[in-house]
Amino acid sequence: MKKLLVLLIFTTLFIQCKKEESKPIELGLVTDKAMVVSAREEASKIGVDILRQGGTAFDAMIATDLALVVAYPFSGNITGGGFMVYRTKDGKTGALDYREKAPIAATRDMYLDENGDVIIDLSTKGALAVGVPGTVAGLFAVHEKFGTLPFKTLIQPAIDLARKGVVVTKKQEARIAEYEHLFTEVNGKKTLLNNGWKENDTIKHLQLATTFERIRDHGKDGFYKGKTAEIFVNHLQKNGGIMTLEDLEKYEAKWRKPLTFQYKDLTITSMTLPSSGSICLAQILKSIEPYDIVKMGQNSPKYVQLLTEAERRAYADRAHFLGDIDFVDVPVDSLIDAVYIKNRMSDFTWDKAGNSDDISHGKIIGYESEETTHYSIVDQFGNAVSVTTTLNGAYGSKVYIEELGTFVNNQMDDFSVKPGIPNMFGLVGNEANSIASEKRMLSSMTPTIVEQDGKLKMVVGTPGGSTIITSVLQNILNVTQFDMGMQESVSSPRFHHQWLPDNIRLEPNSFDEATKKRLLELGYELDESASTVIGKVDAILVLPNGQLEGGADPRGDDTADGF
Ligand code: GLY
């Protein structure tokens, strides 16, 4: 304990010495060896317990993920999908894609009426919005390649938590209250979460525990075949869905080569297609690299302007070029080519705001709050894991399958249901991301690992739909360019631009009046109303002395744990 205190003081002083200003520094949890940062205390603790038993970051990933299904049904899931980026203790990087797929029977225009207009809510609410889930296949793929403890050991804590129950937090009470009417509307009756749950109540997930037990006892087939699969498919089909047993049986997670690129002296590895995350992140960082952002200052008018203009161009490219690489040709190398990026920024001027109509085509609006969930893990051996997983919207499609004890994703909305028409994140898309049988929908999830001097520096990621990429971006810059600690960076206010709608979204009451005034003078439209938060970043920083500092986002119930 005494040792930890001394280290804490040392670390605080170290970070403070690097600062010019003397404002108090917010320091996150600091540990010597290992850490898990996730959206819920229970999940972080379960992950750390696995590490204490001698498990690796990969073992902890499986246990943490399953614990989030219980403790954080908002996004934690066995019926959604996600991505994992990892770096082993030997410095090898890789990525796993367990993104949902369109069902076999899906068609390009399945969400359009006879006039070719989008049928409101069809791709976001109810059984037709559901993509073929990838999470369970993903967890088994991780276990097969990297697991050191038996899967039964890794799933048991989630089963026990589901039976014991999870205590409702204040933020969770508010989230459930916000969506309760939709649970009733979509399911035609009250379900587990429709109970007026209040802070400190305990929610037991008994049906979910039984579903977990089938997975524990029958492995991947406990989800994709047999009783679970039959209940899943029957429920969706009875409610207008098109999922079949064949869809579930055919699902496979895929190991992918992540995109690795340089920004100054950093080597950044992040998720590639079907996630747009790494490509957009690389484009934005390469666009701003020639500028002295440290001189501008974090969140200064010039800094916000520069990042906005780089983001505008990257998101315009995202809408046009990006889709499932197994289905469409995407010119990834050209999109991150130095000459291409230079040309892309050549019409940028400090004198006035850019205009998204001049950068590309399309119109729009639409927004959403923090969806999805991210967790970061570093183990005592030096392995690092960065995972973002999702049901897409809050509680996914709102379809709750009582017999399985779980909500189901609405990931089909991440396709471009009609070119030029925005999805729930206000993102527009093109042919590259149109719906096709068994295609994976484009994602913004950006689980990322940063290295410096050949060593692990940072594990970072966040939920937030379209804002994921820019939240990861700002945290990398906060830490590596503005010398912030991990917690200070995570807590720092964020902003976001995504080409369309053509405005800068700011976290409310976080940016000073002078900055906002200057941006308005330049012609930017500012939006402080769309959402109270941008992203919910959970990250780990390796400090110069080798200790780990967690950044757990105070915008949620996120918690760092470790030893
Ligand atoms: N569903 C959010 C994303 O994949 O970007």
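Residues take their numbers from the sequence shown, with the count starting at 1. In listed order, ligands and their atoms are each counted from 1. These numbers were taken from a predicted model, which means no experiment stands behind them.
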Go through the steps to decide whether Val130 and Met243 satisfy the test side chain to side chain contact (heavy atoms under 4.5 Å, CB included), and finish with yes or no.
CA-CA 8 Å; Val130 183; Met243 191 85 60; 3.8 Å; yes
Give me the one residue out of Lys439, Arg99, Lys101, Arg440 that meets salt bridge (charged side-chain N to carboxylate O under 4.0 Å, His left out) with Asp414.
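Between Asp414 and the candidates, salt bridge (charged side-chain N to carboxylate O under 4.0 Å, His left out) is satisfied uniquely by Arg99.
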Which residue supplies the protein heavy atom nearest to atom 4 (O) of ligand 1, what is that atom called, and how far is it?
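Result for atom 4 (O) of ligand 1: Ser443 OG, 2.7 Å.
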Atom 5 (O) of ligand 1 - nearest protein heavy atom and its distance
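Ranked first by proximity to atom 5 (O) of ligand 1 is Ser444 N, 2.7 Å.
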Between Tyr395 and Tyr400, is the ring centroid distance below 6.0 Å?
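So the answer is no for these two rings.
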Ring centre gap for His320 and Tyr315 strictly below 6.0 Å
no
Of all the atoms in ligand 1, which lie at a distance below 4.0 Å from a heavy atom belonging to [X]?
X	answer
Asp414	1 (N), 2 (C), 3 (C), 4 (O), 5 (O)
Met445	3 (C), 4 (O), 5 (O)
Arg99	4 (O)

Taking distance alone, with no angle check, do Thr372 and ligand 1 share an N/O pair under 3.5 Å?
no
Tell me whether Gln262 at atom CD has more than 12 heavy atoms from other residues, nucleotides or ligands lying less than 6.0 Å away.
yes
Between Met441 and ligand 1, find which residue part has any heavy-atom pair under 4.0 Å and reply side chain, backbone, both or neither.
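Under 4.0 Å from ligand 1, Met441 contributes no heavy atoms.
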Answer yes or no for Arg40 and Tyr72: cation-pi contact, defined as NZ/CZ to six-membered ring centre under 6.0 Å and angle to ring axis within 45°.
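Geometry flag: not set, cation outside 6.0 Å or 45°.
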